Amino acid sequence: MDERESFLEESKTLKDRRNKLDKLVSEGREPYKSKFVEPDELAHSDGLCKRYADLGAGELSGERVSVAGRIMAIREHGGATFFDLLDSSGRIQLLFRENILGRDRYRDSLNLDVGDIVGVTGEMMRSKRSELTVSVESFELLSKSLRPLPEKWHGLKDKEIRYRQRYLDLIMNEETRSVFKARTEIIKRIREFLDERGFTEVETPILQLIPGGASARPFVTHHNALDIDLYLRIAPELYLKRMLVGGYERVYELSRNFRNEGISTRHNPEFTMLEVYWAYADYSDMMRLVREMITDVVIYAKGDSLIEVSGEKIDLLKPWEEITMLESLSKYANLELSIEMETSELCMIAEQNDILIPQGAGPGWLIAELYEKLVEPKLVHPTFVLDYPEEISPLARGKADSPGFTERFEVLIGGHEIANAFSELADPLEQRRRFEEQLRKRALGIEEAHALDEDFLTALEYGMPPAGGLGLGVDRLTMLACGCASIRDVILFPHMRPQEGERRGRES
RNA sequence: GGGCCGGUAGCUCAGUUGGCAGAGCAGCGGACUUUUAAUCCGAAGGUCGCAGGUUCGAUUCCUGCCCGGCCUACCA
């Protein structure tokens, strides 16, 4: 049996395509060509639109171009046929005519299908109905498509297919293409923004012996040669701080992080986080930096400073609010709390608000939990929430004038955490005490508590300069900029439960 | 993990108070040399998510399972 036969099933549409393919092969025509013209000689639809903007309806340009792409529509009119061609820059119309191509080649062109990838050469013209068109003089089938594309008018709507077969989503939905274009622009602009300010991009380990820098459960893997378990990083933080010890003053990493936790509209097991460390700066410097960066990046990617979150319009150029966590609880939840309150009293308030209290929860944890539940969703306009409890901030510098709190803030936009930053804790003895506190939580069964990283403490003992650090969720920033409700809309290949058959394919 | 909603032709969707499964588009055959959701004529196309149960008969009712979406909980 021909090996090409084994993978396509019985559907009639698929059989028709297979028959066309077989016919091409039997006639000695290669349905998968190696090359059309020199790639640099290919014109693109957006460039042609600009170049021939002045061409009038019905006019010929007298100039020859070559374009290549996927056939998206075919409109046949006897001796003339229109095709819509999609390339990476957009769409352009092709016109195939029998009197230009000759009878045989014109007949060949009618065997092309929607979905096929073709290269054509011809004269640029504008049709009577004012559509910029390539009047095809020669063409080649470059890749035969064996599967029908989704419907041309309604497109591809099924979210499951859009996520599982993103290539189809990209072919069919201009909106999807523009979201991922924006994502690329955002990441590019983040680099430019930081590079312009003297920051250096580095790459630190993804495989870590001790997964540190955040509170989360890690993925575990195994190194065979060393015969040790390693963890996929949950954050690059502790390595970037080692860079500060090593003498880097401004450093950042665009870090793919992995967290072995739930999947939701705001959580993907792997996600992209920017982390920035700035020596001799503190959290107030980081506030300025992150506000400027978010505003700059969104304007660059989107063209303006206006974003929309669940129907609410937000102008990033308007002043951002600043409020401490305790003040916010007073203002938005009418709760007057303090870190000196008895744990039992705070527990009672938490329980009244349907918060499940784990063993070992102290006042700081309870206050932060109440804040997250009662205040966060209300912070739609960009807001800096300042002064997080030390209990939930084991890597942040304590706040001198308010014991129990740290010099830490988060940026809330549209009710979601976009960034998290603090003045870094540089004191190795205090850091050890904080780690030991985390170990006590671990002993109580809280898996997400930080692990003690002895090598990191050693680095701190050599001396780390005072510094501000920042983490920013790149996926969430993209969601904000593009108005996407789900993180899956901004990740090219979001994680999905495998379908029946996917595993089998992998094992065979 | 819990709740709600969904899975019917390649795609977008109807439908069956339990009795031969429907449309549009795509595809196939035909007509048509400036259309752009082209138009016109013709013939096709289905494991109704999967597995059980009830029934003379299940795509429809019941149970379980799989997959997805939204909300919710944990987390960023």
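All figures in this text were calculated on a predicted structure; none of them were measured in a lab. Residue numbering restarts at 1 for every chain, and letters A, B, ... go by the order of the sequence lines. Keep in mind that the numbers below use all heavy atoms, side chains included, and drop hydrogens, waters and symmetry copies.
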- [ ] Using only side-chain N and O atoms of A:Arg147, determine if any of them is under 4.0 Å from OP1 or OP2 of B:rG10.
- [x] no
Open item on the list: Between A:His381 and A:Glu321, is the side chain to side chain donor-acceptor pair (under 3.5 Å) condition met? List the steps.
Closed with: CA-CA 8 Å; A:His381 185 79; A:Glu321 310 214 356; 5.1 Å; no
TODO: Please state how far atom NZ in A:Lys15 lies from atom P in B:rG10, giving the value in whole angstrom units.
DONE: 13 Å
Open item on the list: So that I can tick it off, tell me whether A:Arg91 and A:Glu174 are bridged by a salt bridge, with the cut-off set at under 4.0 angstrom between side-chain N and carboxylate O.
Closed with: no
TODO: Answer yes or no: does a side-chain N or O of A:Arg17 lie under 4.0 Å from OP1 or OP2 of B:rG27?
DONE: no
TODO: Taking only Lys NZ, Arg NE, NH1 and NH2, and the carboxylate oxygens of Asp or Glu, determine whether A:Glu27 and A:Arg29 approach each other closer than 4.0 Å.
DONE: yes
TODO: Quick one: look up who B:rG52 pairs with, Watson-Crick or G-U, both distances under 3.5 Å, and put none if it's unpaired.
DONE: B:rC62
Task: A:Met125 side chain near A:Thr133 side chain, heavy-atom distance below 4.5 Å - done: yes
Task: Upstream residue (5' side of RNA chain B) when A:Gly79 and A:Leu156 are each assigned their closest nucleotide - done: A:Leu156
- [ ] May I ask you to decide whether A:Lys20 forms a salt bridge with A:Asp16, counting only side-chain N to carboxylate O separations under 4.0 Å?
- [x] no
- [ ] Figure out the CE/P separation between A:Met72 and B:rC25, and round it to whole Å.
- [x] 18 Å
- [ ] Return the nucleotide paired to B:rU33: Watson-Crick means purine N1 to pyrimidine N3 with N6-O4 or O6-N4, wobble means G-U with N1-O2 and O6-N3, both under 3.5 Å.
- [x] none
Open item on the list: Using a 4.0 Å heavy-atom cut-off, does A:Asp158 contact any base of the nucleic acid, only the sugar-phosphate backbone, or nothing at all?
Closed with: sugar-phosphate
Task: Base of B:rU34 paired with side chain of A:Arg75 (donor-acceptor, under 3.5 Å) - done: no
Task: Listed nucleotide nearest any side-chain atom of A:His154, set B:rU33, B:rG27, B:rG24 - done: B:rG24
TODO: Could you check how far NE2 of A:His495 sits from P of B:rG68, rounded to whole Å?
DONE: 13 Å
Task: Which residue lies more 5' along RNA chain B, comparing A:Pro150 with A:Ala73 via nearest heavy atoms - done: A:Pro150
Task: C1' spacing across the pair B:rU55 / B:rC13, given as an integer number of angstrom - done: 31 Å
Task: Six-ring centre of A:Phe139, A:Arg105 cation under 6.0 angstrom, axis tolerance 45° - done: yes
Open item on the list: Nearest whole Å is fine: how far is B:rA37 P from A:Ile74 CD1?
Closed with: 16 Å
- [ ] Using whole Å, report how far CG of A:Leu110 lies from P of B:rA31.
- [x] 11 Å
Open item on the list: With a 4.0 Å cut-off on N to O distance, would you call A:Asp489 and A:Arg162 a salt bridge?
Closed with: no
Open item on the list: Any carboxylate oxygen within less than 4.0 angstrom of a Lys/Arg side-chain nitrogen, looking at A:Arg75 and A:Asp84?
Closed with: yes
Open item on the list: Using atom C1' in both nucleotides, what's the gap between B:rA9 and B:rC28 to the nearest angstrom?
Closed with: 15 Å
Task: Nearest-Å distance once atom C1' is located in both B:rG49 and B:rA37 - done: 31 Å
Task: Nearest-angstrom distance, C1' atom, B:rA43 to B:rU60 - done: 30 Å
Task: Nucleotide B:rC32, atom C1' - distance to CZ of A:Arg97 in whole Å - done: 16 Å
Open item on the list: In the structure I gave you, are the side-chain heavy atoms of A:Met72 and A:Leu149 within less than 4.5 Å of one another anywhere?
Closed with: yes
Open item on the list: Categorize A:Phe271 for me: base, sugar-phosphate, or nothing, with a 4.0 angstrom heavy-atom threshold over every strand shown.
Closed with: base
TODO: Round to the nearest Å and state the distance from A:Arg103 atom CZ to B:rU33 atom C1'.
DONE: 15 Å
Open item on the list: Within the 4.5 Å heavy-atom criterion, are A:Ile392 and A:Arg408 side-chain neighbours or not?
Closed with: yes
Task: Distance, C1' atom - from B:rU8 to B:rA58, rounded to whole angstrom - done: 14 Å
- [ ] Report yes if at least one side-chain N or O of A:Arg129 is closer than 4.0 Å to OP1 or OP2 of B:rU35; otherwise report no.
- [x] yes
- [ ] Look at the side chain of A:Glu98 against the base of B:rU33 and say whether a donor-acceptor pair falls under 3.5 Å; ignore hydrogens and angles.
- [x] no
Open item on the list: Say we look at B:rA21 and B:rU16: how far apart would their C1' atoms be, to the nearest angstrom?
Closed with: 8 Å
- [ ] Using the P atoms only, state how far B:rG10 lies from B:rG27, rounded to an integer number of Å.
- [x] 15 Å
- [ ] Report yes or no: is there a donor-acceptor pair, N or O only, under 3.5 Å between the side chain of A:Gln93 and the base of B:rU35?
- [x] yes
Task: Shortest side-chain distance from A:Thr265, nucleotide among B:rU33, B:rG10, B:rC71 - done: B:rC71
Open item on the list: At 4.0 Å (heavy atoms only), tell me whether A:Lys128 reaches a base, stays on the sugar-phosphate, or touches nothing.
Closed with: base
Task: Selection from B:rC11, B:rA26, B:rG68 that lies nearest to any side-chain heavy atom of A:Ile161 - done: B:rC11
Task: side chain to side chain contact (heavy atoms under 4.5 Å, CB included) between A:Val136 and A:Phe83, intermediate numbers included - done: CA-CA 10 Å; A:Val136 176; A:Phe83 288 72; over 6 Å; no
Open item on the list: Going by purine N1 to pyrimidine N3 plus the second Watson-Crick contact, or the G-U wobble pair, all under 3.5 Å, which nucleotide sits opposite B:rC4?
Closed with: B:rG69
- [ ] For A:Gly58, report the nucleic acid contact type (base, sugar-phosphate, nothing); a contact means any heavy atom under 4.0 Å.
- [x] nothing
Task: Value in whole Å for how far the C1' atom of B:rG68 lies from CD of A:Glu160 - done: 4 Å
Open item on the list: Taking the minimum atom-to-atom distance to the side chain of A:Glu151, which one of B:rA37, B:rC32, B:rG24 wins?
Closed with: B:rG24
- [ ] Under 4.0 Å between any heavy atoms, over every strand shown, what does A:Met172 touch: base, sugar-phosphate, or nothing? Just pick one.
- [x] nothing
TODO: Check whether any side-chain N or O of A:Lys20 sits under 4.0 Å from OP1 or OP2 of B:rC28, and answer yes or no.
DONE: yes
TODO: Examine B:rG68: is either OP1 or OP2 under 4.0 Å from a nitrogen or oxygen in the side chain of A:Arg497? Give yes or no.
DONE: yes
- [ ] Can you tell me the pairing partner of B:rA23 across any strand shown, Watson-Crick or G-U wobble, with both distances under 3.5 angstrom?
- [x] B:rU12
- [ ] Describe the nucleic acid contact of A:Asp475 in one word from base, sugar-phosphate, nothing, applying a heavy-atom distance below 4.0 Å.
- [x] nothing
Task: Any A:Leu386 side-chain heavy atom under 4.5 Å of A:Met287 side chain - done: yes
Open item on the list: Does A:Arg217 reach a base, just sugar-phosphate, or nothing at all? Heavy atoms under 4.0 Å.
Closed with: nothing
Task: Options B:rA26, B:rG68, B:rG27, nucleotide nearest the side-chain atoms of A:Asp16 - done: B:rG27
TODO: For A:Ser215, report the nucleic acid contact type (base, sugar-phosphate, nothing); a contact means any heavy atom under 4.0 Å.
DONE: sugar-phosphate
TODO: Would you indicate, yes or no, if B:rG68 has its OP1 or OP2 atom less than 4.0 angstrom from a side-chain nitrogen or oxygen of A:Lys159?
DONE: no
Check nucleotides 72-74 of chain B against the protein and report each pair of N or O atoms closer than 3.5 Å, with its distance, or say if there are none.
none

Task: Pairwise P distance, B:rG19 and B:rU59 [rounded to whole Å] - done: 11 Å
Open item on the list: Once you apply a heavy-atom cut-off of 4.0 Å, does A:Met125 come out as touching a base, just sugar-phosphate, or nothing?
Closed with: base
